[in-house]
Amino acid sequence: MLQEEMPSPSELSGEAGELLKGLTPPQMQAVQATEGPLLVLAGAGSGKTRVITRRIAFLIHQGVPPWSILAVTFTNKAAAEMRERVLTVLGHDPKLTRGLTVTTFHSLCARLLRRYAEAANLKPEFSIYDSSDQATLAKRVIAELQLSTSNWPPRSVLSAISNAKNDLLDADEFAARAHDFYSRTVAKIYQGYAKALKLAGAVDFDGLLVLTAKLLQSNAEVRRECNERWRYLLIDEYQDTNHAQFVIASLIAGKNEEGHPPNICVVGDPDQAIYGWRGADITNILEFEKCYPGTQVITLGENFRSNAPILHAADQLIRNNQKRKHKDLFTSRKGGEHVEVTLTRDENHEAALVVDWLKSVKDERDDSPTSIAWREMAIFYRTNSLSRVMEDALRGAGVPYTIARGTAFYDREEVKNAVAYLRLVANPSDDVSLSRIVNTPTRGIGSTSFGKIEDYAAEHGTPVLHAMREAGQLLDVVGRGAAAIGKFVEMIDAWTGGGTFMGAQVSTSLADLVSRVIRESGLEAMYRTQAKASNSDADMERLDNLDELVSSARQFEMEFDAMADPAAETRNADGLARPNDQTPPLLAMLRAYLESIALVADADAVDPAQGAVTLMTLHAAKGLEFKAVAIIGLEEGQLPHSRARESQEQLEEERRLCFVGITRAMRRLHMTSSRYRTMRGIPERTIPSRFLDELPRESVRFSNQADATSGLEDFIARGEGGSGGGGGGQRYEPEGEFAAKDSKRAKLAWSSSSGTPKNAAFPVGAIVRHPQFGEGEVVSISAGVNARATIRFRGVGTKTLVLEYARLTRVK
DNA sequence: TTGCGATCCCTTTTT
DNA sequence: GGGATCGCAA
């Protein structure tokens, strides 16, 4: 039946030539080299996404059935975008992309594991555990083994387990290789952890990959089906794939059989490899050619994104990496603003400066044809902890912003609780979710009775919920506890129809189920009571978030059908049979919904439509671009991170991270380094990042705005441990603090202050014009390189502006 | 059993 | 600064 839907060339808009329009020769080559292994080395900003999109469209245009194409991207967002763009190129005919699979490794694996659950020795309702679930489970296992969590911190044990998994070692294989005390203990924990996961019917992030790889390795039938289904494989960000992903990719691509090398196309840039710490193996890309003899290699070097100084800065920086295959980055664009680098006093000063800079960039109309909108700006940082001060400053200045934290919503306590109920509904064995909500809201199942049940469950190797059903008879749980437990079990059964998901009392829609769970579990009432008692906005917001969760379920429901991943369902001409399709629709939808929640990435939250400045980590910035970019915290210990300075490899990865950040910028780039930074509540003196020294002088304008009286004295004298306490972020009182009284302190390669002091040009009483606020009168002005003027604007009110960026013109 | 307060520990990056 | 945990009081 699907054969009939195969696009005939006449249905395609335009000729193949259309698909190649506007491409450079190497880009065109990459689009057209459809057969056999292909490695595309795509430099930053070289039009990689464009090439991938056109390539998929080209394949379809050549008559390749869309369902035989599998494209793997790094984030869901990238996948959705790619699908959309392919559709656009093909003239918005949904029929043409029907069955096309564009997804992430993790989603793909989750799909495959559900589909082949039996072969993978899993229950199809398995839960996906995120890192906090993993930690909960690991803690329990460590305790059961009578080990202390201080000697065996769950997080580091988990990271050892994660490394093992990335190398495709299961618990027993790992144990067999463990010889020293440490790894033997880790092996024990790993084995206990694996057992606990199994019992809970749960799979962790790494597990999705491992289990899929093992499934494909061990099961010829599954492998055959995948090979037949997907004939064209395309993998983006290949430099960041780990060993497990490599194995999955090569198994799906198939072996070099019958003299036909697989049609596998990988795209990546070794200079942007930033996930070594989580097992990404850069040799995957460097040795792709060895792995696939006859590989065609195409290099895309021309940059279409950044202006010349930005690109030059990036290029010079990355040249400092020793372990690197040099690739020329070039652009034919001329001109463009210098990269700005500013040394600030502390994080508040830094934040204020960045805010001012963003404002000035937004208002800038004199020197550039168009101003840059908020949504085209971004602020990057190495660690999440740097966002807080920045947020305060943005909020204080009334600049709209969003943080790219995909999981932020689902990380909220109230949402996590509701989701835990849902996970238990979908998977009654999910002990981690159960223990989270069994007494939330409090319903008289305290740790004593629940502990007994857990012990009983552990002893009998049964899921805890199952043990609860028998608690009444079997345990010495006294009256009150037993009744509460009985009620809890009944409540769950009512939602699931006793596990059948059938019957009149079961919800017919996902949104209804979610809203019922929130109401009947008592979560809503609990938060309502809390909100009334405290009368705080934060508590009111919890209720809103629960409503929002219902909406998200409703939206998911609407898109679920149309969402067309017939991908996983569609069969090819050979008619791949799909095993057990007996799943009740509500349950199937719930599983898919929970899966989508579990696999959101930070970068998924980047939404330019919001009209706001985007804040994110450098890692999350990969693959994106913005007209104006600020990167903060360029300090030793922060940007080459202190934990990453031990080895040359790690240092080079930090440099690549910096490189990724720089190359996101199209027109304007500003990097800041703060002389003092508050770490764990203590202000610490910092050293500017070595990466700043590696930037080319001719493309960069350095400015030292930190030197004056040292800063620390003032900082401590103000009696506020950083964080802008009372005074608040950007409303920094400059009063001479930045005046260059003590120029001896100016060190390093910092030219002290750029330009001449501007304050002389705007004496108190002068009438000035601001591009946004209009005319105003100077009320006061401070001295120094970071001079600010307080100006009373007509109708707008009084503003304090940094002269350096305010773009004031004097009227009178 | 529950709720609150003190204390301790921490800190990279993420699917 | 802040989150998690633990202990103690009601």
Side-chain angles (χ1 to χ4, degrees), chain A residues 72-79 103-110 128-132 134-136 139 149-150 153-156 158-159 162 165-166 203-209 237 240-242 244-245 273-280 347 380-386 388-389 404-407 411 413 439-451 478 480-481 484 530 533 595-604 616-622 633 637-645 650 653-654 656-658 660-661 677-683 720-725:
Chain A
V72 182
T73 61
F74 209 66
T75 63
N76 297 301
K77 174 123 183 309
T103 184
T104 64
F105 266 109
H106 290 266
S107 299
L108 175 70
C109 291
I128 298 173
Y129 276 4
D130 67 16
S131 21
S132 73
Q134 292 180 46
T136 309
K139 266 181 227 159
T149 43
S150 44
R155 310 197 61 159
S156 56
L158 280 169
S159 98
S162 170
K165 288 193 174 187
N166 288 154
V203 177
D204 61 18
F205 285 135
D206 301 314
L208 291 171
L209 302 178
E237 307 286 7
D240 283 323
T241 52
N242 62 29
Q245 291 166 327
I274 54 176
Y275 283 101
W277 53 273
R278 74 170 198 209
E347 64 269 27
F380 304 151
Y381 33 80
R382 174 69 234 265
T383 59
N384 281 302
S385 59
L386 293 199
R388 233 194 74 254
V389 174
R405 288 241 67 195
T407 55
D411 277 344
E413 177 205 302
N439 205 29
T440 308
T442 53
R443 50 170 69 89
I445 308 178
S447 48
T448 335
S449 25
F450 191 65
V478 279
R480 212 177 49 209
Q530 245 178 52
E595 183 179 304
S596 75
I597 289 175
L599 299 179
V600 282
D602 281 355
D604 293 340
M616 69 183 99
T617 62
L618 285 161
H619 283 92
K622 189 173 66 157
Q638 188 65 231
L639 190 37
H641 195 270
S642 50
R643 296 273 307 250
R645 279 185 303 189
Q650 288 180 321
E653 180 154 311
E654 295 292 304
R656 290 194 293 269
L657 200 48
C658 188
V660 166
R677 188 170 296 281
T678 310
M679 308 288 284
R680 292 178 238 157
I682 301 156
E720 306 163 357
S723 97

Rounded to the nearest angstrom, tell me the gap between atom CZ in Arg155(A) and atom C1' in dC10(B).
10 Å

What is the separation between atom CD on Gln650(A) and atom C1' on dT12(B), rounded to the nearest whole Å?
11 Å

In whole angstrom, give the distance that lies between atom OH of Tyr381(A) and atom C1' of dT12(B).
13 Å

Gap separating the CD atom of Glu654(A) from the CG atom of Leu639(A), nearest 0.5 angstrom:
6.0 Å

Before you tell me yes or no, could you show the steps for Leu208(A) and Ile128(A) under side chain to side chain contact (heavy atoms under 4.5 Å, CB included), namely the whole-Å CA-CA distance, both residues' side-chain angles and the distance that decides it to 0.1 Å?
CA-CA 8 Å; Leu208(A) 291 171; Ile128(A) 298 173; 4.2 Å; yes

How long is the line joining CG of Asn439(A) and C1' of dT2(B), in whole Å?
9 Å

Check whether any side-chain N or O of Arg643(A) sits under 4.0 Å from OP1 or OP2 of dT12(B), and answer yes or no.
yes

Residue-phosphate contact under 4.0 Å: Lys622(A) side-chain N/O, dT13(B) OP1/OP2
no

If you only use heavy atoms from C-beta on, which nucleotide in dT15(B), dT5(C), dT13(B) is closest to the side chain of Thr383(A)?
dT13(B)

Can you measure Leu209(A) atom CG to dT15(B) atom P for me and round it to whole angstrom units?
13 Å

ring centroid sep under 5.5 Å plus plane angle under 30, Trp277(A) with dT13(B)
yes

Asn242(A) side-chain N/O to dT15(B) phosphate OP1/OP2 under 4.0 Å:
no

Say we look at dT11(B) and dC6(C): how far apart would their P atoms be, to the nearest angstrom?
16 Å

What is the separation between atom CZ on Phe74(A) and atom P on dT13(B), rounded to the nearest whole Å?
15 Å

Do the side-chain N or O atoms of Asn384(A) get closer than 4.0 angstrom to the phosphate oxygens (OP1, OP2) of dT11(B)?
no

Taking the six-membered ring for Trp and the single ring otherwise, decide whether the centroids of His619(A) and Trp277(A) are under 6.0 Å apart.
yes

dT13(B) base to Arg382(A) side chain: any donor-acceptor pair below 3.5 Å?
yes

What's the gap between dT12(B) and dT5(C) when it is taken at their C1' atoms, as a whole Å value?
23 Å

Provide, to the nearest angstrom, the distance between the CZ atom belonging to Arg388(A) and the C1' atom belonging to dT11(B).
14 Å

Report yes if some heavy atom in the side chain of Leu386(A) is under 4.5 Å from a heavy atom in the side chain of Arg677(A); otherwise report no.
yes

In whole Å, what is the span from the CG atom of Leu158(A) to the P atom of dT14(B)?
17 Å

dT12(B) base stacked by His641(A)? Criteria: ring centres under 5.5 Å, plane angle under 30°.
yes

Could you check if a side-chain atom of Asp240(A) sits within less than 4.5 angstrom of a side-chain atom of Phe74(A), using non-hydrogen atoms only?
yes

Heavy atoms from C-beta onward define the side chain here; which of dT14(B), dT12(B), dG3(B) lies closest to that of Thr617(A)?
dT14(B)

Using heavy atoms to find the nearest nucleotide of DNA chain B for Arg443(A) and Thr75(A) separately, return the residue whose nucleotide is more 5′.
Arg443(A)

Report yes or no: do Glu595(A) and Ser107(A) form a side-chain donor-acceptor pair below 3.5 Å?
no

Over all strands shown, is Tyr275(A) touching base, sugar-phosphate only, or nothing at heavy-atom distances under 4.0 angstrom?
sugar-phosphate

